[in-house]
Every structure is written in C-alpha cells, then in structure tokens.
Amino acid sequence: MVGHGHVSHSPKRYTGLMDWLTTVDHKKIGILYLIAGGFFFLIGGLEAILIRVQLMYPENHIFVGATFNELTTMHGTTMIFLAAMPVIFALMNAIVPLQIGARDVAFPFLNALGFWLFFMGGVLLNSSWFLGGAPDAGWTAYPPLSSSFSGHGVDFYVLGLQIAGVGTWIGGINFLVTIINMRAPGMTFMRLPLFTWTAFVTSAMVLFAFPAITVSLVLLMFDRLFHANFFNPASGGNEVIWEHLFWIFGHPEVYILILPCFGIISEIVTIFSKKRLFGYSAMVFATVLIGFLGFMVWAHHMFTVGMGPVANAIFGVATMLIAIPTGIKIFNWLFTMWGGHIRFTTAMLYAVGFIPTFVIGGMTGVMLAVPAADLQYHDTYFVIAHFHYVIVGGMAFGLFGGLYLWWPKMFGRMLNESLGKWNFWFFFIGFHLTFFPQHFLGLMGMPRRVFTYLPGQGFELGNFLSSIGAFLMGVATVILIINIVVTNALPKNAPADPWDGRTLEWAIPSPAPEYNFAQTPLVRGLDALWTEKMAGKKEMTPAEPLGSIHMPSASIMPLIMAIGLFIAGFGFMYHLIPVIVLGLGITVVCMFIRSLYDDHGWHIEPDEIENNRKGVKA
Amino acid sequence: MSGWKKASRLLPLFGAVILALTGCGDPYLSALDPKGPVAEAQLSLVMLSFYIMVGVFVVVMVIFTYVLIKFRKRPGQNGVPKQVEGNHKLEIIWTVIPILLLLILAVPTVITTFHLSEKKTGDDVLKVKVTAHQFWWEFEYPDLGLATGQDLYIPTGKRIEFELTSADVIHSFWVPALAGKTDTNPGQTNHMWMQADQPGVYKGKCAELCGPSHALMDFKVVAVTPFDFKSWADKMKAAVNRQPTTATAQQGAQVFQQNCIGCHAIAGKGGKLGPNLTAFGDRDKVAGILEFKKENIQRWIKSPQEVKPGNKMPSFGGKLSDQDISNLADYLQTLKVIK
C-alpha cells in the first residue's frame, strides 16, 4: 500500500487493510472511490453487454420480460449512481485539494463517511440480485409500476439509493466548504483551475438536487413499505408528482456528471496544447450558467406527460438556451488548441474525441428540446442514443482522459501509452458503432426498454451493429484493465510533473505525500505552476516557513456508521423492527461517540518532512 | 496520427451508409415516413432542427480538423506558443450566432406545439377513448357506441380526437407514422389528435416501460376510407346477430360463454378486463405479437404467460381440454366483421 517508509509519529497510523478502512486522507478516499466506482462500472458494463446480446437479433429468448427489465434498470442505476458519481468523486478527491494548494479537505471525517455510505448503498442495491431479484421498474422508477406493480427489487432501489444519496450529498457539502475555505494564499476564485471550478459548481448542484431525489425516494418507500398512497391515483395520489420530483433531481444530475468532465477536458486541452485556456472567464461564466439553467429545465423529460402547450413551450425554449454556454465551451476549447503545440497523448486523444462526440450529443439535445418533435423521439432509441452520446461520449471520455492524465499523481506510476491508445481507439470506434445507429432505430419506431422486436420492421441491421459496437467497448475496457495491471507491476517512478503541467498538483511529488504541500504555496497567477515556470523558477514560492503539519486522525467510525445504516436498510425492507433498531442504534451510538470524544489529531514534524523531500530527490 | 483523422472523416459516410441500407424503415411504422398531418408537422420540426444542427456541426468540424492538422506538435518544435487570454470579438460571435439560430428554431417550435395541442369538437371529428392496460389497448368510440381491443379502426381524412387514460400503470400511446406519443396516466385523462391521409395498417407501440411485456404491447391503427369505415361500424353493430356456422365453432361458442365472457366482451356482451373480441377474426396478430393462425390462438389460450409474461390472463392449459381449446380457437376465428 502507500507506505512512506519512515518512523511513525503517532499511534493513529494504521497499515495494510486497516489503513484503507480507517483512512480520512482525501487521496486514499479518492482511490477507494475509484476502486468501488470501477467495480460497479464493470458490473454495469456487463449488464450493458447482456442487454446488447439479447437485442442482437430479433426475437431472441435469452433475457426476456422481467429479467431484461432488471438488466436495464440496474444498468442505468448502477452507471449513474454507482459508477459515474464515484469516479467523479474519485478525481475530485484526488485532485481538487491539490489544485487549490490545500493540505486536506474541510471535513476529512465526513469525506470518509460519504464514501462508505455510497459504498454500502451500492452493495445494498446490488445484493438484490441474490435476494429475490433486482429492481425492474426502470432507473426512473415511475409509479405506479414501481409502487404497486413491481416485485421486491424496487425496495432495494429505494433504500440503497437513499443511503448512497446521503453519502454523495455529504461529499458535495465537503467540497463546497473545501473550495471556499481552504484555498492557498493568492488562489482567488478567478484563479481556480477549471476542474476545481466545475467541481465547485457540481458540488453546489449536488447540494440542491440530491434532497429532491431523497424526498421522492422517501415518498416511494412509504408507498411501498407502509402502504401510503402518495403515488396511487386510486386513493387520490398522483403519479405525475414523482416524475416532477425525480427530474428536478434527474436533470441537474446530468450536469452534475458532465460539468467536472468539462473541467477535465479544459485541463487536458491546455496542458497538451501548451497554452492557457482561451476565454477563462467566459468558461467560468458558462459553467455557472449551465449549473443554473440545469435546474430550470427538468420538465423537458415530460413533454409527453400532458402538461399542456404552455409548460411544454416554456421548458422547450429554456432547454435550448443551454446550447449557448455549451457552445461557448466548445469554441473556447478549439481556440485553446489554435496556435498551440498539440501532443496526442492518450489523455489528449480522449479530449479530442470528446469534442465531436459531445457536439453530436448536444445537437440531438437541442433537437429533443423541441416539444412537438420530442413526441416522436421520447422514450425511443433516439433518446438512448442522445444521452449515451452525452454520458459516455461526454462524461466517460472525460473521465478516462482524466484518469490517464492524473494516474501518475494518484498512484506514482504512468499508465502505458501504447495500451492507452489501443484502449482509446477500441472505445471510440465501439462507442460510435453502438450508439450512432440508435438515432435511426428510434426514429424508425423502436421504443426503448423493449426486450425484443419482431423481424421485418427495419430494426435488424441497426441492432446488430449496435451489439458489435458494445462488444468493442467491452474489449476496450479489458485493455484498460490490462493497462492498469501491467502498470501496477512496474516501479513507482513517475516524475512530479510528467506532462509539463500548469496547475498546483504538478508542483508536488507523484504520488502526493500525506500532507500534500510541505509548505503552503503562494499563488501568483492563473495556472499557478505555469506562472512560476514562466518566471524562470522550477517550483512554487512557499507562503510559510517549514513547520509541523496538523493531520486529522484516522477513524473506523465512518465505516461502522455506514454498516449501521446498511443493516437498518435490510430491517426496513423485511419489516424486522429489531434489525432496524440495531442498525440505526449502531449509527446513532457512533454519532454520539464522535460528538463527545474530542480528537485533536496529530502532527507531522519538520524533520520527517525533510526526510521525505530528500527521499524524493535521491 | 493521420489514422484517426481518416476514421473521424468516415463518420458521416458511415451514417449515410446506415441510412442507405435501411431506408427510412417500415413505411407503416417509421416516423421518418409520415402518413398524416401531425406526423408531418413533427417531421418538419425534426428536419429543421437537424439542418440547423448539421450547419453548426460542420462549422465545428472544419475548425476542429484544421486545428488538429495545423497545430500538432512537430518534431523538434520547442519553445512556448503565445499564451492567448481570449478574444472578445470571437466570443461575442459564438454567443450571438447560436442565439439567432435558436430563435429561428424556437418560433416554429412554439407555434407547432400550440397547434398540435388544439382540441376540436363537432361533426368533422371522430372521438376515440383509449384505455391502456398491461399489456393491451382498449379503444372505445363513445359517439358510435362501439369498442375494440388492439385494432383501432379509423376513417381516412378525418381528424381523430383521443382521450387517453390507463387502467393500471403509465403507458404511452404511439403510432409513429401518424403522430408522436402521449402518455396514458392512471387517474388522469390526456388529449391528442391524429389523422391518416391514406388507408393502411399502421403499427402502434407502447412507449413507456409498463412491466415485463412492455416490448410486446403492440397494436394496429387500421385506416380505411370513410365509406369503408361506415360499413365497418354498421357491421360491428350488427355483430350481435352473428351465429357460428360450423359444429366446432358452435361448441367453441359454448366454451366461451362458460369460461371467457367474464373478461372478454363480444358484440356488447361480456366483461371489460380483457380485450374486446368482437372483431377478433379480422386481426392479423394474436395478442398483438404472434402470427394470426389457429396454433397460435391455441398456444395463447393454453399458456399466455409464455407469450406475454406478466399479463393478467389465466392459463387455460390445465383447465380446458385440448378439444375445447381447439373448438374455442375455431369459434374465435369466425369473429369477423370485414374479412
């Protein structure tokens, strides 16, 4: 594991497995998020492959009816909540504190709690596969299908997502406070690297969007477990309210996912063009505007619900507006590259592949914003194609690029560039082969979430190509895993600044030491490290003398608190009151201990920091 | 480096190949091949937004390709490129032009959205009440006093005004070649209209996930000339007087009276839990999904769960003898109105 090979100063330092279970270090929590998110990504990917196997030919009989619905529901839910969100949080944890020159996040304990809640929620949700069947009402879980017409699986959805959602929400608050309060001297808001800006806006969106999904899940839980009638029209409830609540969360969620990837693309494009970001303040403004508009357009998912022409027209036009800040971003990236020295590393290939792909996704987004036309697109493969162009072609390309970029900073090893290029090309070609034909399938009349289709409707070729493409993306994922395994076997020798970076994370060793910055740096301009390089210096100017560094204590309590809620979740599902009491009791007792017991943390002394520095230089 | 550029240039070609290979799809299903004013208005908005977007895409791709070729790092190229902060003129251009393009799109969008949601009453429209069920469609003609299941008959050239609702979960009523979809929400009534310009059997689909057999919830919209429609409606009303002629069909009718009539109505008599079977013999699909032939009718009656998992019809495989089921199938095939 990440040991430092020096004498321990404190009994609070654990090693081995205990180190990982108790860590409050944002860099290790980032790695935990990456491992957990990567694991769920593989599960969600496997589900996608099975879906494409079933749809490869008309009238296949491999996964039919409810089984197919379980696969699609779990594919969507897993990819959004358990793969995309945590990998974004992985990169935010690993990089944001470094980019702002901080030694840690604002709330290290909460950070760990957020991770373990997400993880336990994800495990709870996926345990449904072994306990009577996974949720099968779609990732959108519209009642009354999800309330009165589905099996036990939806209980896992309701409880797993509540627990995971609380974890994500806590993480969002932590990053908001961290970015507001923990910036190094001179790191003003208008000098924040764009990835940090997007992480900031995303965290603010998490803060406001996740309560909406929690409320809707609580209402659905009451309908399912305690026979309430919030969504039961027969007893005066209204199922359309769920659709509003879900999308008041669900649409901002799309931007929660994509904004950090815009940030990553901005970092990659600047580094590998060797240029500062074109129109930095316009990029910041566009990010904030997208975050704001993201909350104003949820009903464009509901044009077919029967809201009437006034609401449909307003939400349609409001949705089109988002194209403007998004367009600003695309052109700013193009003009960042303009006049630069472009190096095609794997990270840059992902960023370059991102641009046309995301433009296509954005274009179909504008097409979908036209309510009368959306009546044809809605709930068809056209929509599937659109949001995969945005989420895979946008977000996944961004995240893969970010991983290739920051892997040395996270792990101290460089991913193999040749394997990286194979990985990119398989993924890029596979992606377009999978999703490009789906635009046409939708317009030719193929609804989404269908487990089969009759021959002779013109759907055969598109579906066949789509499945082949999905297999190619599977191959790409295998190449990525091989790359990670191969890289992991090599010595940890990544330089501090392998790409000629511009921001603060490249000013410290790879991987970053426990305390990040031996001395808090003084930031003297946008692209802090680049500013120093241009001034002819090799490293940052320190803002303080070398001194002892305060560190937070490791704690097993976040894990135990999450396990408590995990147990209580099962108690709720099976109506076992003692289990509910036990689970909630564990969590509440931990909260009491945490509140009553004063932990002042511990210190790393200057001589240890000096030893570390020499070790790096040697 | 040139490999990937070639590959990205192939993308539009790839799209064209797909279009050429598949055409616009099934002419009675595809939204790309509209057969009525609603679907035509919708397709024209699809195409307008598509052309605007293609224009934007081409501009982006031209700059993109130029930048990637022109500004790639060449061997031996050192030094630092000029660090450009931004350019107000350019930034205003790529803010204002998209606003203008969106205005061009927004005006027809709003007009069409209002136009398509107008309600009309009177003699020149035909009212149809649609009730969606897991996993079939019920159609009622309140002004004619008629009801059908799965097959919706409409006259060509006439505006059909729909009232849509659901008996259980949310479904969505979609006939791509005639009109976009509208959700059927339990406890609420939605409105839409459509019109077919030419006779034909248009395919309809459920577009909202509604349970295990969502994929199998197909239906038909049979558009016939106004003259044929009147004769169809008259025959539907006269169906009360139909009598089975063959011996097996007569026995099948008895089986029906004893086992099926609680859920299925024929010519106004019977329950409404299952599809109305007055015109069952005219259908070209059994249960919306199987080819219309006797074996498939028998298969459906014996084990409906095998065909449409999760549907509400009980299996009669153990309850009725094979002979009874065979007679019943014979009887059901005689339930014709036009063929």
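Only the backbone of A/Tyr280 comes within contact range of chain B, judged by heavy atoms closer than 4.5 Å. For A/Phe459, the part lying under 4.5 angstrom from a heavy atom of chain B is the side chain only. If you measure heavy-atom distances from B/Leu43 to chain A, you find no contacts under 4.5 Å at all. Heavy-atom distances place the side chain of B/Lys203, and not its backbone, under 4.5 Å from chain A. With a 4.5 Å cut-off on non-hydrogen atoms, B/Ile52 does not touch chain A at all. Using a 4.5 Å cut-off between heavy atoms, B/Asp33 does not touch chain A at all. In this structure, no portion of A/Ala286 lies under 4.5 Å from any heavy atom of chain B. Of the atoms belonging to A/Pro325, not a single heavy atom falls under 4.5 Å from chain B. With a 4.5 Å cut-off on non-hydrogen atoms, A/Ile330 touches chain B through its side chain but not through its backbone. Residue B/Glu118: no heavy atom, backbone or side chain, is found under 4.5 Å from chain A. Heavy-atom distances place no part of B/Tyr28 under 4.5 Å from chain A, backbone and side chain included. Interface remark: B/Ser117 contributes side-chain atoms only to the contact with chain A (heavy atom separation under 4.5 Å). Contact annotation for A/Asn69: only side-chain heavy atoms (C-beta onward) come within less than 4.5 Å of a heavy atom of chain B. In this structure, the portions of B/Ala39 lying under 4.5 Å from any heavy atom of chain A include both its backbone and its side chain. Of the atoms belonging to A/Leu145, heavy atoms from both backbone and side chain fall under 4.5 Å from chain B. Of the atoms belonging to A/Val64, not a single heavy atom falls under 4.5 Å from chain B. Proximity to chain B (any heavy atom under 4.5 Å) is restricted, for A/Leu277, to the backbone atoms N, CA, C and O. Only the side chain of A/Thr380 comes within contact range of chain B, judged by heavy atoms closer than 4.5 Å. For B/Asn311, no part sits under 4.5 Å from any heavy atom of chain A, backbone or side chain.
Between B/Pro81 and A/Lys275, the shortest heavy-atom contact is CG-CG, 3.9 Å. Shown here for B/Ala215 and A/Phe451, the closest heavy-atom pair between the two residues is CB-N, 3.3 Å. Residues B/Met61 and A/Pro356 come closest through the heavy atom pair SD-CB, 3.7 Å. The two residues B/Pro98 and A/Ile324 come nearest to each other via the heavy atoms CB-CG1, 4.2 Å. Taking both residues in full, the closest heavy atoms of B/Val110 and A/Val317 are given as CG2-CG2, 4.0 Å, listed atom of the first, atom of the second, then distance. When all heavy atoms of A/Ala373 and B/Val46 are compared, the pair lying nearest together is CB-CG2, 3.8 Å.
With respect to chain B, the highest number of heavy-atom pairs below 4.5 Å among A/Pro233, A/Ala372, A/Pro371 belongs to A/Ala372. Interface remark: of the candidates B/Pro108, B/Ser213, B/Gly310, B/Gly211, B/Gly211 forms the most heavy-atom pairs closer than 4.5 Å to chain A. Interface remark: of the candidates A/Arg449, A/Met337, A/Arg343, A/Glu239, A/Glu239 forms the most heavy-atom pairs closer than 4.5 Å to chain B. Heavy-atom pairs under 4.5 Å with chain A were tallied for B/Val175, B/Leu45, B/Asp218; the largest tally goes to B/Leu45. Per-residue heavy-atom pair counts under 4.5 Å with chain A were compared for B/Thr182, B/Val84, B/Val60, B/Val54, and the maximum is reached by B/Val84. The most heavy-atom pairs under 4.5 Å with chain B, out of A/Glu70, A/His439, A/Arg502, A/Met302, come from A/Arg502. Interface remark: of the candidates A/Asn312, A/Leu321, A/Asn332, A/Asn332 forms the most heavy-atom pairs closer than 4.5 Å to chain B. Ranked by heavy-atom pairs shorter than 4.5 Å toward chain A, the options B/Leu116, B/Thr112, B/Asp168 are led by B/Asp168. Taking chain A as the reference chain and counting heavy-atom pairs below 4.5 Å, the highest number among B/Gln134, B/His191, B/Arg74 is found for B/Gln134. Of the residues considered (A/Trp333, A/Tyr453, A/Phe335), A/Phe335 shows the highest number of contacts with chain B, using heavy-atom pairs under 4.5 Å. Here B/Glu85 is the residue among B/Glu85, B/Lys70, B/Lys205 with the most heavy-atom pairs under 4.5 Å with chain A. Of the listed residues (A/Val359, A/Ile328, A/Val240), the one with the most heavy-atom contacts under 4.5 Å to chain B is A/Ile328.
To the nearest 0.5 Å, atom CZ of residue A/Phe278 and atom CD of residue B/Glu91 are 5.5 Å apart. In this structure, OG in B/Ser30 is found 11.0 Å from CZ in A/Phe440, a value given to the nearest 0.5 Å. To the nearest 0.5 Å, the span separating CG on B/Asn87 from CH2 on A/Trp338 amounts to 11.5 Å. Rounding to the nearest 0.5 angstrom, the gap separating the CG atom in B/Leu102 from the CD1 atom in A/Ile322 is 11.0 Å. In this structure, CG in B/Leu216 is found 7.5 Å from OG1 in A/Thr452, a value given to the nearest 0.5 Å. The structure places CZ of A/Phe231 at 10.5 Å from CD1 of B/Ile170, a figure rounded to the nearest 0.5 Å.
Proximity of a side-chain donor or acceptor of B/Lys73 to a complementary backbone N or O of A/Ile342 within less than 3.5 Å is not detected. Side-chain atoms of B/Asn190 come within 3.5 Å of backbone N or O of A/Val305 as a donor-acceptor pair. Of the possible polar contacts, one joining the B/Gln83 side chain to the A/Lys274 backbone as a donor-acceptor pair under 3.5 Å is found. For the pair B/Asp183 (side chain) and A/Gly306 (backbone), a donor-acceptor distance under 3.5 Å is absent. In terms of modelled atom types and a separation under 3.5 Å, the side chain of A/Gln376 and the main chain of B/Pro176 share a donor-acceptor contact. Of the possible donor and acceptor atoms, one in the side chain of B/Lys181 sits under 3.5 Å from a partner among the backbone N and O of A/His378.
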Residues B/Val80, A/Met534; criterion side chain to side chain contact (heavy atoms under 4.5 Å, CB included); working and verdict:
CA-CA 9 Å; B/Val80 177; A/Met534 287 298 102; 4.0 Å; yes
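When side chains are defined from C-beta on, B/Thr109 counts as touching A/Met320, because their heavy atoms get closer than 4.5 Å. Between B/His214 and A/Val450 there is a side-chain heavy-atom pair separated by less than 4.5 Å. Looking only at side-chain heavy atoms (C-beta outward), B/Trp174 and A/Leu375 stay at 4.5 Å or farther from each other.
Checked against ring-ring contact (aromatic ring centres under 6.0 Å, His included), B/Phe292 has the following partners two or more places apart in sequence or in another chain: B/Phe280. A/Glu243 is linked by a side-chain hydrogen bond (donor to acceptor under 3.5 Å, both in side chains) to nothing, counting only residues two or more places apart in sequence or in another chain.
More than 12 heavy atoms of other residues, nucleotides or ligands sit less than 6.0 Å from atom CZ of B/Phe71.
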